[in-house]
Amino acid sequence: MARVFSGIKPTGDMHLGNLCGAVQRWAAGQPPAGSPAALAGEQIFCVVDLHAMTMPFVPAELTATTRQLAMLLLAAGIDPERSLLFVQSHVGGAHGEATWILNCVAGFGELRRMTQFKDKTAGAGEGGQESVSAGLFDYPVLMAADIVLYDTDEVPVGDDQRQHVELTRDLALRFNHRFGDTLVVPKATLPAAGARIMDLQQPNRKMSKSDDGAAGCVYVLDTPKQVTKKIKSAVTDSDADVRYDPATKPGVSNLLDIYAAATGVTVEAAARDLAGQQYGPLKAAVADAVVAMLEPLQARFAELSADPAEVDRVLAEGADRASAKATEVLERMRGAVGLLPRT
Ligand code: AQP
């Protein structure tokens with residue numbers, strides 16, 4: 001079985017894009033409980049709290065959001081009997097040192113070209129890149145370290161993270177070329193539908209946790225009423241023609257993509273099923289599908305919230321198991337680059 005690793009940043013509440021682009025597949029791909037792959041911890045999922053520090057943040061909120069996101073992952077179906085779930089900073093020493101080693105392999109130019117860095121610094125106002133943290137610039141290398149530390153074969157992500165996984169591949173290949181075969185070279189895997197869910201109010205922008213426009217973002221803990229209101233207010237166009245064409249019909253195409261991801265059909269099948277509808281009924285069908293998809297997650301989240309100590313126990317166990325794996329790979333990296341072993 002392929003070794004899988006992926007992470008999610010505690011920068012705000014989980015939204016539909018995170019769920020459809022990544023988390024749903026994490027849950028679906030888990031091996032059966034008790035199987036050799038489950039016992040060996042072949043599926044590894046991480047709340048990447050160190051990444052959440054790259055943009056301005058409030059410490060108390062970081063703590064609360066990290067635990068809440070772990071609970072949401074459990075509620076979405078990540079099962080500690082079948083996968084490892086941990087918080088990145090709990091294995092922070094290994095992740096930090098692996099980042100430093102990869103920093104010395106990564107090029108300044110290639111980091112400057114990362115689209116997310118350019119997008120996030122574009123909004124940095126006066127001073128532009130001068131005022132953002134060095135952490136934001138270096139974040140893709142930390143992500144590369146997260147991935148290679150677990151000998152990862154596959155990284156299930158949304159489309160926005162594809163470039164960072166490509167960078168990870170480049171760094172792993174370069175490391176192996178310079179220092180000998182040491183790192184597994186991973187690849188990104190993307191979902192058939194929902195790889196890039198767009199903001200409902202600005203369908204040319206990706207739905208994001210940390211954006212201010214809550215009206216365009218469906219959070220997984222939104223009530224059915226909130227979900228329906230947001231989807232019914234989604235920006236569409238004046239054609240009254242239900243067709244999948246992201247270039248000329250971004251709003252309608254986004255609704256079709258959401259419907260496909262929520263019901264588990266292809267975008268083509270969604271477009272066929274909903275063709276000929278007025279936009280009102282289209283939005284109602286999408287809202288119903290999303291509410292139905294979120295219902296079990298929300299029920300499970302309510303149960304888990306009653307017992308935060310259990311979540312902390314799961315995270316502690318996950319960190320112990322993850323740490324053992326990461327330490328082994330880090331030792332290989334240290335040896336490959338010639339750091340003197342401590343006797
Ligand atoms: N809109 C999206 N559509 C599909 N997939 C998405 N992902 C994020 N947004 C969408 C995927 O969700 C996983 C976790 O993402 P992340 O939290 O690590 O960071 P991100 O990609 O930067 O997500 P956000 O929500 O946009 O966070 P902020 O606002 O903090 O930057 C990843 O697999 C991602 O691809």
Side-chain angles (χ1 to χ4, degrees), residues 4-27 29 44-58 61-62 65-66 68-70 72-73 76 78 87-88 114-124 132-133 135-136 139-140 142-144 146-147 152 154-168 186-214 216-220 230 234 246 250 253-258 260-262 267 290:
V4 170
F5 173 94
S6 201
I8 180 165
K9 266 187 300 182
T11 37
D13 291 336
M14 193 199 290
H15 57 73
L16 210 53
N18 302 134
L19 185 66
C20 299
V23 175
Q24 241 177 5
R25 278 181 307 139
W26 301 357
I44 305 166
F45 303 113
C46 186
V47 179
V48 287
D49 53 348
L50 299 174
H51 288 280
M53 298 169 65
T54 56
M55 296 291 279
F57 67 100
V58 178
E61 282 175 17
L62 177 61
T65 314
T66 300
Q68 157 132 333
L69 201 47
L72 281 171
L73 292 177
I78 301 303
V87 172
Q88 183 189 29
M114 291 293 114
T115 309
Q116 271 213 358
F117 178 69
K118 288 197 280 192
D119 288 352
K120 293 204 166 170
T121 50
V132 300
S133 73
L136 182 67
Y139 145 83
L142 175 57
M143 178 164 159
D146 300 338
I147 295 169
T152 304
E154 292 180 3
V155 192
V157 283
D159 186 57
D160 64 313
Q161 293 295 342
R162 189 205 305 243
Q163 192 187 32
H164 290 156
V165 182
E166 280 303 313
L167 175 77
T168 306
K187 68 165 198 253
T189 61
L190 279 95
R196 183 176 283 262
I197 303 279
M198 308 306 275
D199 186 285
L200 295 170
Q201 289 300 314
Q202 302 177 70
N204 292 314
R205 285 181 63 159
K206 172 182 100 83
M207 191 178 278
S208 263
K209 284 190 227 80
S210 48
D211 275 355
D212 297 333
C217 183
V218 174
Y219 297 102
V220 299
K230 287 180 184 180
S253 302
N254 191 35
L255 290 174
L256 289 173
D257 207 19
I258 292 173
V267 174
V290 172

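Throughout, numbering of the chain's residues begins at 1 and tracks the sequence. Atoms considered below: every heavy atom in the structure, side chains included; atoms not considered: hydrogens, waters and symmetry mates. Because the structure is a prediction, the values reported are computed rather than measured. As the structure lists them, so they are numbered: ligands from 1, and atoms in each ligand from 1.
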Exercise. Identify the two heavy atoms, one from A76 and one from A27, that lie closest to each other, and give their separation to 0.1 Å.
Key: O-CB, 3.5 Å
Quiz item: Quick one: does I197 get an N or O within less than 3.5 Å of an N or O on ligand 1?
Solution: yes
Quiz item: With backbone taken as N, CA, C and O and side chain as the heavy atoms from C-beta onward, which portion of K209 lies under 4.0 Å from ligand 1: side chain, backbone, both, or neither?
Solution: both
Quiz prompt | Backbone of A214 reached by a side-chain donor or acceptor of K230 within 3.5 Å | solution = yes
Exercise. Give the numbers and elements of all ligand 1 atoms closer than 4.0 Å to a heavy atom of A195.
Key: 3 (N), 4 (C), 5 (N)
Quiz item: For T189 and E154, does a side-chain donor sit closer than 3.5 Å to a side-chain acceptor?
Solution: no
Quiz prompt | Atoms of ligand 1, numbered as shown, that sit under 4.0 Å from any heavy atom of Q116 | solution = 21 (O), 22 (O)
Quiz prompt | Heavy-atom pair with the smallest gap, counting every atom of V220 and L16 | solution = CG1-N, 4.4 Å
Practice problem: Taking all non-hydrogen atoms of both residues into account, name the closest pair between M114 and H164 and its distance. | Solution: SD-CD2, 3.6 Å
Quiz item: Among protein heavy atoms, which sits nearest to atom 30 (O) of ligand 1, and what does the distance come to when rounded to 0.1 Å?
Solution: T11 OG1, 2.7 Å
Quiz item: Of all the heavy atoms in H15, does at least one lie under 4.0 Å from an atom in ligand 1?
Solution: yes
Exercise. Could you label the plane-to-plane angle of the Y139 and H51 rings as parallel, tilted or perpendicular, counting under 30° as parallel and over 60° as perpendicular?
Key: perpendicular
Practice problem: Would you check whether K120 reaches within less than 4.0 Å of ligand 1, judged by its heavy atoms? | Solution: yes
Quiz prompt | Selected option - heavy-atom contact closest to atom 26 (O) of ligand 1, from R205, K206, Q161 | solution = K206
Quiz prompt | Geometric N/O contact P156 with ligand 1, under 3.5 angstrom | solution = no
Quiz item: What residue and heavy atom of the protein are closest to atom 22 (O) of ligand 1, and at what distance?
Solution: K9 NZ, 3.2 Å
Quiz prompt | Proximal ligand 1 atoms for G194, defined as those under 4.0 Å from one of its heavy atoms | solution = 4 (C)
Quiz item: Nearest to atom 28 (P) of ligand 1, what protein heavy atom do you find, and at what distance?
Solution: S210 OG, 3.2 Å
Quiz prompt | S6 side chain vs P156 backbone, donor-acceptor pair below 3.5 Å | solution = yes
Quiz item: Considering C20, G12, G17, G7, which one's heavy-atom position lies nearest to atom 2 (C) of ligand 1?
Solution: G17
Self-check item: Heavy-atom proximity to atom 13 (C) of ligand 1, best of A22, C46, A188
Solution: A22
Quiz item: atom 15 (O) of ligand 1: which protein heavy atom is closest, and how many Å away?
Solution: N18 ND2, 3.6 Å
Exercise. Out of D160, D199, D257, V157, indicate the one that has the non-hydrogen atom closest to atom 35 (O) of ligand 1.
Key: D160
Practice problem: May I ask you to list the atoms of ligand 1 that are less than 4.0 angstrom from any heavy atom of G21? | Solution: 4 (C), 5 (N)
Quiz item: Hey, is the main chain of G158 close enough, under 3.5 Å, to the side chain of R162 for a donor-acceptor pair?
Solution: no
Quiz item: Does S133 reach the main-chain N or O of T54 with its side chain, forming a donor-acceptor pair under 3.5 Å?
Solution: yes
Quiz item: So, is G158 polar-close to ligand 1, with some N/O to N/O distance under 3.5 Å?
Solution: yes
Practice problem: Would you name the heavy atoms of L50 and Q88 that are closest together and state the gap between them? | Solution: N-OE1, 2.9 Å
Practice problem: Output yes when a side-chain donor or acceptor of N254 lies under 3.5 Å from a complementary backbone atom of P203, and no otherwise. | Solution: no
